[in-house]
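Per chain, numbering begins at 1; letters A, B, ... match sequence-line order. Heavy-atom basis, side chains included; hydrogens, waters and symmetry copies ignored.
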Amino acid sequence: MSDSRPVRTRYAPSPTGDPHVGNIRSALFSWAYARSQGGQFILRIEDTDRNRLVETSTDAIMESLRWLGIDWDEGPEVGGPHEPYFQSQRLPLYQRAASQLIEAGRAYRCFCTAERLEQMRAAQAAAKQPPGYDGLCRQLSAEESEARSKAEPFVVRFAMRREGQTVLNDLVRGQVVFENKLQDDFVMLKSDGYPTYHLGVVVDDTEMEITNAIRGDEWISSAPKHIQLYEALGWTPPVWAHLPLILGPDHKKLSKRSGDTALLDYRTNGYLPAAMINFLAFLGWSLDDHTSILSIEELKQHFDLSRVVANPAVFDIDRLNFLNGHYIRAMGDAEWVETIATWCESGLPASVPRPVDRPVIEQAAPLLKERIARLDEIAPMVAFLFGEEAPEYAPEAILERVPEREVAIRVLETAAERLGAVPDAEWDVARIEAVIRGLEEPLGLKLRKFVPALYVAEMGRAQGIPLFDSLVLLGRERSLRRLRTAIRKLG
RNA sequence: GGCGCAUUCGUCUAGUGGCCUAGGACACCGCCCUCUCAAGGCGGAGAUCAGGGGUUCGAAUCCCCUAUGCGCUACCA
């Protein structure tokens, strides 16, 4: 198993859309493994499907990786000794391999039309036979093949060995044996001259000196194709590691239908990269029997393919939310203030003047920290600080917490009266707290019983950052006005 | 249908023959703290290790069978 070559891994997505979490988890593991081994991580774009190509994908792929802090040593924008890193720009490489295989009798041109293949499959299905190419063009003589290739479109199929078995030695699954008689001659070069995935990976992984091919488990069935390709080409295959799938809440492979979302959606939804990394890292891997919080630095240092498990993992959003809250609380004060400012700029109503009042943000910041799980919760929670009146609310919001209308009105009136007696110069937390606590006696109610009414009056909702501090931030005038507004609403 | 993979608390996982009357984390429940909501602290419930056969003095850990789930089965990756 020992190999003196430096470890080289790659992430080789196809640009058919924005990368989703399952895909990025593969990137993360590949990257982490390379880093833990002091090796290199390569980014390669497998843009061989012209029909499904989405122009913006490559940028989304790079942006996703950068957001998480996954850096690549070779690939788009950074270059490297194996340029280019786009498969569409490496066509001669695949064509050369295909010719070599045709000459060696290990591959052949196939002139079958889509219609014929369709009929063939229908017949196979009707006869309850396993689908697969029937090998019609495998019989063609070299001369005929050569001649027809001048006039007809064709694909190149790989002639799979049909006797014996093909054995995959997988780092996470151990030995997996495939019966060759069940294999069929797959297309390796399409009629448009582009390679299929199978040829593309084998050629490029070899040319780019990849030592460890880490990919999702959905690929394990095609491993025998790749292994036989390596054999036929006389090349040495990388060490494979097939990662367990990530499942949606319905326990099916994560897909658009099954709760998956593009990775970058998590950014716009207010998740922190550190939380995402931590979350993804433990989907199929663990450090030991007790660690559940892990930084990206620790991951780089300790990640090990030998601790990847084989069974699929369900994506648990509750856990991600917890981790996100954890990393928010762990954030440094200055960074936290910047974060709040950013999310306020984008999340507050247009009526709030920009740039958003910095001192207010700075004072609200510490109060906000342990109350936020996602960054997109920031703006709704501090919105009340930026306006004359509280955000619109229904009077019922008060009555839900202080059921009797008369009592609620008395609470608000008494508060307005006593708070109104506090001169502006003495409007501070200590004084406000004393006054509001002093309301217990005249109202004959426990603080916790009546205070929600004040929350709603001041911030439009029954829960939020601490009331006493909020009143200071609001100032005497606005605080009192909101009390009067609430009384009017109830009356 | 065929082939392949998987199967430990609801979820992510620890566990590689005796340390397991199965550990940690999230979620859940309770108590404490408390101006709301959180956060935090403490505690609780929760897995007869899919089921059945073996092997062994001894199995979650090894073998076999069954069941279930998932993946693949394209000129998509």
Side-chain angles (χ1 to χ4, degrees), chain A residues 12-16 23 46-49 51-52 110 112 114 117 121 124-125 128-133 153-157 168 170 172-173 176-179 182-184 186-192 194-198 200-201 215-224 242 244-245 247 249 251-253 279 282-293 307 309-323 325-326 329 367-373 381 401 432-433 436-437 446-456 459 461-470:
Chain A
S14 65
T16 53
N23 215 274
E46 306 211 332
D47 54 348
T48 55
D49 185 338
N51 299 321
R52 295 202 306 153
C110 173
C112 293
L117 293 174
R121 279 190 206 104
Q124 285 166 338
K128 298 225 184 277
Q129 289 182 335
Y133 184 62
F154 64 88
V155 300
V156 177
R157 288 184 186 272
L168 163 68
D170 189 274
V172 343
R173 271 146 236 278
V176 182
V177 179
F178 300 87
E179 292 295 333
L182 268 11
Q183 299 293 327
D184 80 327
F186 62 92
V187 173
M188 53 186 237
L189 200 64
K190 302 186 259 187
S191 56
D192 61 6
Y194 283 69
T196 60
Y197 171 79
H198 309 299
V201 253
R215 72 207 329 185
D217 188 47
E218 68 267 30
W219 290 110
I220 203 165
S221 300
S222 48
H242 288 89
L245 295 176
L247 272 25
H251 287 220
K252 293 204 192 304
K253 180 180 164 186
F279 176 70
F282 285 98
L283 247 35
W285 175 81
S286 64
L287 178 64
D288 51 36
D289 64 343
H290 63 276
T291 303
S292 54
I293 300 290
R307 288 192 64 87
V309 296
N311 44 307
V314 174
F315 188 96
D316 180 12
I317 194 74
D318 281 335
R319 191 182 196 77
L320 211 208
N321 287 335
F322 162 77
L323 288 169
H326 170 83
R329 277 168 250 130
L367 306 173
L368 218 47
K369 215 173 191 178
E370 65 262 22
R371 273 165 258 264
I372 297 288
M381 195 162 282
R401 296 309 220 87
I432 290 169
E433 175 162 4
I436 292 180
R437 284 188 189 284
K446 282 294 183 190
L447 189 60
R448 46 179 295 115
K449 288 295 179 189
F450 68 80
V451 91
L454 303 179
Y455 271 86
V456 177
M459 35 207 193
R461 39 197 251 178
Q463 63 284 322
I465 62 176
L467 180 69
F468 310 148
D469 299 276
S470 297

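- Within 3.5 Å, no donor on the side chain of A:R121 pairs with an acceptor on the base of B:rA74, nor the reverse.
- Here A:D469 lies in heavy-atom contact (under 4.0 Å) with a base.
- Nucleic acid contact class of A:P466 (heavy atoms, under 4.0 Å, all strands): base.
- A distance of about 13 Å separates the C1' atoms of B:rC20 and B:rU48, rounded to the whole Å.
- Between A:W219 and A:Y197, the ring planes are parallel. Angles under 30° get that label, and only those over 60° would be called perpendicular.
- Rounded to a whole Å, the CG atom of A:N311 is 20 Å from the P atom of B:rU68.
- Whole-Å rounding puts the A:R173 CZ to B:rU7 P distance at 9 Å.
- Judged by distance alone, the side chain of A:Y455 and the main-chain N or O of A:L467 form a donor-acceptor pair under 3.5 Å.
- An OP1 or OP2 oxygen of B:rA14 is reached within less than 4.0 angstrom by a side-chain nitrogen or oxygen of A:S286.
- Rounded to whole angstrom, the span from the CD1 atom of A:I317 across to the C1' atom of B:rU11 amounts to 12 Å.
- Base pairing analysis places B:rC72 opposite B:rG2; the two distances defining the Watson-Crick or G-U wobble pair are each below 3.5 Å.
- Rounded to whole Å, the C1' atom of B:rA47 lies 11 Å from the corresponding atom of B:rG10.
- Within 6.0 Å of CZ on A:R448 lie no more than 12 heavy atoms contributed by other residues, nucleotides or ligands.
- Rounded to whole Å, atom C1' of B:rA27 lies 13 Å from atom CZ of A:F279.
- The base of B:rC75 sits within donor-acceptor range of the side chain of A:S191, with an N or O pair under 3.5 Å.
- An OP1 or OP2 oxygen of B:rA77 is reached within less than 4.0 angstrom by no side-chain nitrogen or oxygen of A:R215.
- With centres under 5.5 Å and a plane angle under 30°, the ring of A:Y455 is stacked against the base of B:rU36.
- We find that CG of A:N321 is positioned 14 Å from P of B:rA38, with the value rounded to whole Å.
- The side chain of A:D217 sits closest to B:rC5 out of B:rC75, B:rC5, B:rC12.
- Set against B:rU13, B:rG71, B:rG24, the side chain of A:A313 has B:rU13 as its closest nucleotide.
- For B:rU36, the OP1/OP2 oxygens have a side-chain nitrogen or oxygen of A:R448 closer than 4.0 Å.
- Between B:rU11 and B:rG53, the two P atoms lie 26 Å apart (nearest whole Å).
- For B:rA59, there is no paired nucleotide, since no Watson-Crick or G-U wobble pair has both relevant distances below 3.5 Å.
- Spacing of C1' atoms, B:rG40 relative to B:rC33, comes out at 8 Å, to the nearest Å.
- With both pairing distances under 3.5 Å, B:rC31 is matched to B:rG41 as a Watson-Crick or G-U wobble pair.
- Here B:rA25 presents its P atom at 13 Å from CZ of A:F282, a figure rounded to the nearest Å.
- Between the CD atom of A:Q183 and the P atom of B:rA74 there is a distance of 12 Å, given to the nearest Å.
- Side-chain N/O atoms of A:K369 include none lying less than 4.0 angstrom from OP1 or OP2 on B:rA38.
- Side-chain N/O atoms of A:T16 include none lying less than 4.0 angstrom from OP1 or OP2 on B:rC76.
- Rounded to a whole angstrom, the distance from the P atom of B:rC65 to that of B:rU61 is 16 Å.
- With A:R307 contributing its side chain and A:L287 its backbone, the two residues share a donor-acceptor pair below 3.5 Å.
- In this structure, of B:rG4, B:rA77, B:rG71, it is B:rG71 that holds the atom nearest to the side chain of A:K252.
- Here, B:rU55 and B:rG69 have their C1' atoms 29 Å apart, quoted to the whole Å.
- Atom P of B:rA27 sits at a distance of 23 Å from the matching atom of B:rU34, rounded to the whole Å.
- Atom-to-atom, CD1 of A:I293 to P of B:rC12 comes out at 18 Å; the value is rounded to the nearest Å.
- Between the side chain of A:R173 and the backbone N or O of A:H242, at least one donor-acceptor pair lies under 3.5 Å.
- Searching all strands for a Watson-Crick or G-U wobble partner of B:rA14 with both distances below 3.5 Å returns nothing.
- Note on A:V187: only backbone sugar-phosphate atoms sit closer than 4.0 angstrom, heavy atoms only; bases stay farther off.
- One P atom belongs to B:rC29, the other to B:rA67, and the distance between them is 39 Å to the nearest Å.
- Between the side chain of A:Q124 and the backbone N or O of A:G132, at least one donor-acceptor pair lies under 3.5 Å.
- Judged by distance alone, with hydrogens and angles left aside, A:R371 brings a side-chain donor or acceptor within reach of the base of B:rU36, the pair sitting under 3.5 Å.
- When all heavy atoms of A:I436 and A:F450 are compared, the pair lying nearest together is O-CZ, 3.6 Å.
- Along RNA chain B, the nucleotide closest to A:T291 and the one closest to A:K253 are compared, and the more 5′ of them pairs with A:T291.
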